[in-house]
Amino acid sequence: PRPVRRQELQGIVELLTEAWTVFQRRFATLFATYLLSLVATLLPPALGAGLGFALGLLLPGARGLLVVLLSAVGGLIGLAGLFWGGGACVAATLDQSLDYRGAFAYGRKKLFSFALVGFLTGFVVTGGYLLLVIPGVIFSVWFVFAQFVLFDDDTRGMSALLKSKAYVSDRWFDVFLRLVVIWVCSAVVGAIPAVGPLLTLVAVPYVMVYHALVFQDLKEVTGPPAFFCGFSDRARWVAIALVGYIVLPATILALFGASLYRSIAPFTGGIASLRRTIPAAKATSTEGYRVIPIPPSGVPPTSDQPSPVTPEPGASPAAQGETGHPSNVHVFIYAVNYAGSVKANGVTIQELGTKPDMQYNYNLGGEKLQFGRNGITVDYTPIKEAGATMSPRIHVKVSFWKGSERQVLGDWEISETEAGQKSFDVDIPESPKGS
């Protein structure tokens with residue numbers, strides 16, 4: 001007579017006890033396999049980034065490209081190490097006769113199959129969570145044993161996920177209870193101050209043993225499951241997950257799209273101006289810039305580009321401005337780690353920003369200036385906060401533009417380490433050179 005198959009899964013306490021027994025007996029193999037899988041995953045990206053940085057010291061011009069390229073290569077190798085090591089850990093928990101060498105040899109044979117099953121499981125489960133969480137929880141329990149199915153009977157791809165679902169379907173809640181217990185215990189252990197990460201490192205093999213025992217117990221109780229695995233059955237779950245990836249962004253865009261656009265719109269001009277003003281400040285880096293464009297009518301956008309407005313031949317500067325002020329005069333101010341203000345003829349034309357290490361670029365017109373002599377006064381106080389690491393500097397330049405030609409009328413720099421005030425004179429003739 002055939003033995004009578006059990007109708008119920010083992011209790012949670014029984015599973016925890018049996019997992020502890022297996023974990024103690026095979027600790028050396030399981031922990032060595034898990035530790036080597038971590039090394040295979042994390043070491044290649046770190047070596048790639050370090051090698052890129054080292055080569056960048058020899059080739060400064062290509063430093064960024066080398067770091068990105070070698071980090072990407074290291075990341076791809078690390079991803080392969082993740083799937084190889086993960087497969088080895090699953091093999092070691094299912095087959096208790098394997099040592100860590102045998103586990104890695106078996107994982108190498110299943111590397112691409114394991115990677116495909118892992119990708120599909122992550123894609124489908126994440127898509128379920130994007131469909132308002134609850135489908136994600138259901139999918140997590142249905143497909144949790146897909147990688148065990150792959151190593152147990154060589155069922156590959158989406159078929160492994162469908163077979164895992166067939167095992168779990170009639171006992172979803174029982175499996176959920178057994179899994180949520182170990183998940184909660186793992187979270188509690190990881191949250192212990194100071195020693196939590198170390199305990200988690202040691203406990204991961206135990207958690208994998210527990211999952212393997214639940215799978216083997218479920219397989220014994222359920223028997224060989226019947227499930228459909230045609231093309232439409234495999235594609236259905238990918239399509240359902242894909243809906244989650246589309247619906248959530250579309251919902252966010254529909255609810256907050258207008259607000260996001262209004263928030264981003266004011267900065268679009270500043271981003272474009274940032275690219276134009278970096279040469280004027282003669283900066284060596286684009287990090288930490290804040291551009292405050294103030295584009296008056298007829299004034300060029302930067303100190304190094306021509307004005308789009310070309311005065312008519314023979315017209316005097318007074319005739320060019322509606323208020324009698326020079327309209328083709330451009331004032332460029334660059335400041336870093338200084339508080340204070342810049343005045344023209346006693347009137348403040350710009351207050352300096354005070355954020356440490358923020359490089360401010362201001363592009364102003366000649367509305368506050370007049371023909372003849374003008375007094376430019378700079379009040380400055382160096383920023384000495386802890387976050388300020390760059391040397392304080394102010395650069396003021398006054399230029400006159402005619403078409404594509406520029407005449408520099410005044411160019412001054414301040415790099416004092418103590419607070420003070422400096423004044424400069426600039427003459428704007430009625431008919432500047434070339435007008």
### Message
I'd like to know whether CG of L58 has more than 12 heavy-atom contacts from other residues, nucleotides or ligands below 6.0 angstrom.
### Response
yes
### Message
Between D217 and R178, does any NZ, NE, NH1 or NH2 come within less than 4.0 Å of an OD or OE carboxylate oxygen?
### Response
no
### Distance (rounded to the nearest 0.5 Å) between M390 CE and I383 CD1
11.5 Å
### Interatomic spacing from CG in N328 to NE2 in H330 - rounded to 0.5 Å
11.5 Å
### Task
May I ask you to check whether F151 and F114 place their ring centres under 6.0 Å from each other?
yes
### Query
Are side-chain heavy atoms of V168 and F145 found at a separation under 4.5 Å?
yes
### Task
Compute the ring centroids of F83 and F119, then answer whether they are less than 6.0 Å apart.
no
### Query
From L94 CG over to F148 CZ, what is the distance, rounded to the nearest 0.5 angstrom?
5.5 Å
### Message
Can you confirm whether or not the ring centre of F123 sits under 6.0 Å from the ring centre of Y245?
### Response
yes
#### Entry: Between CH2 on residue W142 and OG on residue S164, distance to nearest 0.5 Å
11.0 Å
### Task
Might you confirm whether atom NZ of K165 has over 12 heavy atoms from other residues, nucleotides or ligands at distances under 6.0 Å?
yes
### Check: D379 side chain, G340 main-chain N or O, donor-acceptor pair, under 3.5 Å
no
### Task
Could I get the full list of ring-ring contact (aromatic ring centres under 6.0 Å, His included) partners for F27, not counting sequence neighbours?
F23, F31
### Query
Taking all atoms of both residues into account, what is the closest heavy-atom pair of W172 and I138, and its distance?
NE1-O, 3.4 Å
